[in-house]
There are 2 protein chains.
Amino acid sequence: MSEQTLSTLSGPQASPQDLSVRSNARDRVTSALREALIIGRIQPGLPMTLRGLADQLGVSPMPVREAIRGLAAERAIDISASGRITVPRLDQKRITEILDARALLEPRAAALALPNIDRECLRQLKRIDDEIDVSLSDGNVERYMVLNHAFHFAIYERSLSDVFLPLIESVWLRFGPFMRMVYGRVGTTGLVDHHKQALEAAARGDAAAFAEAIRLDISEGMELIGDAVRDAEVQHPPPRRRRKIAAPKVTI
Amino acid sequence: MSEQTLSTLSGPQASPQDLSVRSNARDRVTSALREALIIGRIQPGLPMTLRGLADQLGVSPMPVREAIRGLAAERAIDISASGRITVPRLDQKRITEILDARALLEPRAAALALPNIDRECLRQLKRIDDEIDVSLSDGNVERYMVLNHAFHFAIYERSLSDVFLPLIESVWLRFGPFMRMVYGRVGTTGLVDHHKQALEAAARGDAAAFAEAIRLDISEGMELIGDAVRDAEVQHPPPRRRRKIAAPKVTI
DNA sequence: GCTCTCTATTTGTGATCACAATTACGTACG
DNA sequence: CGTACGTAATTGTGATCACAAATAGAGAGC
């Protein structure tokens, strides 16, 4: 198999040794893979192998197996009938439905979160949003994706909902690799968001406006990438690989 | 540990050897556990063990491990920090949020499905709903839960959405054990649903009314069990077990 | 009766092995 | 130059083993 590897996590300002220092190898692997998926570092369609990931992460294939199995349950990773492990390619139908689901779930989570968003949290959101502007003008796609995720989930986490949060995370896991593909292709120049409207509404304590800003943030993103998707599907059909392809690596 | 086992699947008219004859042990285990969860056959809070489940299902602990890990990723099963495997107990907050998420996701899935619901499908839905009435008047809780699941998912499957369907399945997996607890406690006598309104709307091809009927079916269920939940939480606090408890078994 | 303590048992985790299925790739043929 | 084929290497699956951590349950003390 032509196996894919993942680019190291130690990019610009390496993440501070992963959030919690879980003793579990499995949880470390899961965290590494989830982050790689959210950021879109793993290219959809290219196969990964248990042993390959295990070697890269310095563990035995066993914890990787369990981590992959967990991600597969969330549909973040596809395991074909023959056992081939890939990040799923999304067709336009799926993309529409994911954005549809996001537009249902995330405004509600935001509304639930609003009462728990204090001034300090607002300041942090503002900081993140400022950094997003920088990353956009720099054209730094990866940094943008990290920050955009941070912005949204800084909100959703305040919902304190272990029902909505997992559902939303699950959808982002599936969407990340695709977003990365789009941004890597069409760039982030024309990208607009509704973060500032959201922050204004949040500052006013206006739950309805807050939720609506989040909904628009998602829906307009949908329109923006609509054409890119159509183009991508005709211009970049599932590559019929014939040779091994050098690919980025992942580490914990 | 006082370990829980699961009641055999071979109840009245045993399921015809599970849907697909997957060669995978893991998939068989997963199917068995998912069904047990949906029907609510596994009592929340009581620990299960990998080796115990493996013995009951006639496989090695390995496929059970992966199946459990997958279900844990969907939050259908909880694995504590110490590794204890249980079906999560739901507090009132979670229950409300689950019903909230259902009321968001399921009407949309129903609307997506409506164009794909033909006359034959409608007839089948009608048949299921008739059987539901029978099971309700019989007070057969388990059969009601199987049928109610069948009714809803016969609809949602027609959405042909592998975005909405997994999200909804995930929520049902979490909700099943709780529903069973409620029905087992307060009975199914006062139970009302909006299946017939849904079928009428579907027959008319009225997507909005169809979705609304589904939403009401969920929301009114919410009210119905509201008090039961409150009572349950004070009358049935998390039992501080001190001895082993005999519990039902599960088989493939 | 209740709580605490201590020990034997159980449990999840991770590693390694064997194996059937699948895939990759050089080779022959068109 | 492209396609079909056959063999060798790779891959996921399942089983088994070792081990540290956690638990259960009996016993001592209050």
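Naming: A, B, ... by sequence-line order, numbering from 1 per chain.
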I want to verify a distance call: between [options], whose nearest atom is closest to the [X] side chain?
X: B:A25; options: C:dA24, D:dG14, C:dG12; answer: D:dG14
X: B:S82; options: C:dA24, D:dT23, D:dT13; answer: D:dT23
X: B:P63; options: D:dG12, C:dT11, D:dG14; answer: D:dG14

- Helix axis bend for the helix from C:dG1-D:dC30 to C:dG30-D:dC1 - C1'-based end axes, five pairs, 10° rounding: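 Its terminal axes enclose an angle near 20°.
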Side-chain N,O ([X]) to OP1/OP2 ([N]) below 4.0 Å:
X: B:R51; N: D:dT16; result: no
X: B:R65; N: D:dT13; result: no
X: A:N24; N: C:dG14; result: yes

- Could you state the CG-P distance from B:L53 to C:dG12, rounded to the nearest angstrom?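 So the two atoms are 9 Å apart, to the nearest Å.
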- Base C:dG12 to side chain B:R69, donor-acceptor N/O within 3.5 Å cut-off: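 For B:R69, whose side chain was compared with the base of C:dG12, there is no donor-acceptor pair (under 3.5 Å).
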- Would you confirm whether the ring centroid of B:Y156 sits within less than 6.0 angstrom of the ring centroid of B:F164?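 Judged by ring-centre distance (under 6.0 Å), B:F164 and B:Y156 do not meet the cut-off.
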- Item | Pair A:R102 + A:E97, salt bridge at N-O below 4.0 Å |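 Result for this pair is no, no salt bridge flagged.
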- Query: With sugar-phosphate meaning primed atoms plus P, OP1 and OP2, does B:R26 contact a base, only sugar-phosphate, or nothing at under 4.0 Å between heavy atoms?
  - Reply: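 Sugar-phosphate contact only - B:R26 comes under 4.0 Å of backbone atoms but never of a base.
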